[in-house]
There are 2 protein chains.
Amino acid sequence: MDTRTRALDLGRHYLQTLGFNGFSFQTVADALGIRKASLHYYFASKEDLGMALIEEYQKSYADWAVKREHLSAEEKMEQLIQMFVKIGADHKICPGGVLCADFGSVSNPMKKKLLQFHLGQKAWLVRTLKQGIQEKTFRKNLPVEETADLIQASIQGGLQVARIRGEMKSFKTLGKTLIQNLKA
Amino acid sequence: MDTRTRALDLGRHYLQTLGFNGFSFQTVADALGIRKASLHYYFASKEDLGMALIEEYQKSYADWAVKREHLSAEEKMEQLIQMFVKIGADHKICPGGVLCADFGSVSNPMKKKLLQFHLGQKAWLVRTLKQGIQEKTFRKNLPVEETADLIQASIQGGLQVARIRGEMKSFKTLGKTLIQNLKA
DNA sequence: GTCTATAGCGGGATAGAC
DNA sequence: GTCTATCCCGCTATAGAC
């Protein structure tokens, strides 16, 4: 794996465990086994790295979604929860949640990109809920916008809560409840 | 108002807008109009300030709850949502959420105190839900633990989402949905 | 592409005068 | 209680050698 890719992987790790203000170029460089000056060869600035990280998240998420396009809405939702369970099991929180919390201390371009990422995720949720209604597995009268907002907020908050509690049981239960509430 | 109290108020403000790693003693001292060295007279270290801030939150929240002890469970829940709407309208997020996100880069004593604060809020929710069941305004078969977890997570996440979106409408809707789901 | 070296700043924290 | 002065550290970032 090339250095840039490894740097991005490490960046993701530190971002999701320590927050954007909680790690430095030094942290990443040390883990890479190179000098922090060398890291500037790949990323002109820390903001640059931050922007690249959000782009990475967007790409991974898009890939993830494409691979699951053939699934039923119910299966999609279950795998979505499963994905966040894995993140939580790794003592991480979701990228959207980290950057939301650091939102006030981040540059305008990053704010903009973060909003874009966030709205992309919401759009996927809305589409999937509509799919489930068509498939008649989800309630016909499901308010899709509001439900998508509730799911997004509770997953984000739920992962944060799970991390401070040091257990994932409550998050798994939350996931089950969310999906149960969709059903016809 | 004495300097220590003013410092705590400012600390709360910066914590909830910038995150714990997003502000410094300098930030607070500047806003106070004193030198940062003088701030060390009140708080030996930044961690000390952090601990004091969590204690402040615990106290305010306890006061808030005591003043509302005579209310019905439904009124309590409505006022709780209202409190968070005010926080969001001020471009802030909830203290629990901030510190949850910064959790990985914070000292062990702060982690412990944060967990304590968090569990205290959950305990209040559980008590209030039970009250509502007794009052027959909330569903008899409401799973109190799980519901408390869902409310806590979605409020926390919802405020963060509202801030990046720059609007509180979705949060208000979320609040209404949460309360509606409790009702008999 | 990676290095050494260094600039320049801001952070947390302390000593000691007033 | 608040100040000045200072320390040491870690951060971002750049210049220039290899």
Show me, pair by pair, the donor-acceptor contacts under 3.5 angstrom made by side chains of residues 22-33 of chain B, not counting sequence neighbours?
| from | atom 1 | to | atom 2 | distance (Å) |
| --- | --- | --- | --- | --- |
| B:S24 | OG | B:Q26 | N | 3.2 |
| B:S24 | OG | B:T27 | N | 3.3 |
| B:S24 | OG | B:T27 | OG1 | 3.1 |
| B:Q26 | NE2 | B:D30 | OD1 | 3.0 |
| B:T27 | OG1 | B:S24 | N | 2.9 |
| B:T27 | OG1 | B:S24 | O | 3.3 |

Mind checking side chain to side chain donor-acceptor pair (under 3.5 Å) for A:D9 and listing every partner two or more places apart, or none if nothing turns up?
none

Please say whether the positively charged group of B:K111, taken as NZ for Lys or CZ for Arg, lies over the ring of B:F103, i.e. under 6.0 angstrom from the six-membered ring centre and within 45 degrees of the axis.
yes

Taking only side-chain nitrogens and oxygens of A:Y41, does any of them come within less than 4.0 Å of OP1 or OP2 of C:dC3?
no

In B/S/- notation (B base, S sugar-phosphate only, - none; protein heavy atoms under 4.0 Å), nucleotides 11-18 of chain C written 5' to 3' is BBBB----

How bent is the helix from C:dG1-D:dC18 to C:dC18-D:dG1, comparing axes over its five end pairs at each side, to the nearest 10°?
0°

Check the distance between D:dG1's P and B:I34's CD1 and give it to me in whole angstrom.
12 Å

Establish, with yes or no, whether the OP1 or OP2 oxygen of C:dT2 is under 4.0 angstrom from a side-chain nitrogen or oxygen of A:T3.
yes

Atom CG of B:N21 to atom P of D:dG10: distance rounded to whole Å?
16 Å

State the CE-CG distance between B:M168 and B:L159, to the nearest 0.5 angstrom.
5.5 Å

Between A:Y57 and A:K113, is there a cation-pi geometry (under 6.0 Å to ring centre, at most 45° from the normal)?
no

Looking at the side chain of B:R35, which of C:dT2, D:dT4, D:dT2 is the nearest nucleotide?
D:dT4

Ignoring backbone atoms, establish whether A:S38 has a side-chain N or O less than 4.0 Å from OP1 or OP2 of C:dG1.
no

Expressed as a whole number of angstroms, how long is the span from A:L39:CG to D:dT14:C1'?
14 Å

Got a sec, which residues hit side chain to side chain donor-acceptor pair (under 3.5 Å) with A:S105, two or more places apart in sequence or on another chain?
A:N21

Which value, rounded to the nearest 0.5 Å, describes the distance between B:E69 atom CD and B:Q131 atom CD?
9.5 Å

Residues which pass ring-ring contact (aromatic ring centres under 6.0 Å, His included) with A:Y14, listed by chain and number, not counting sequence neighbours:
none

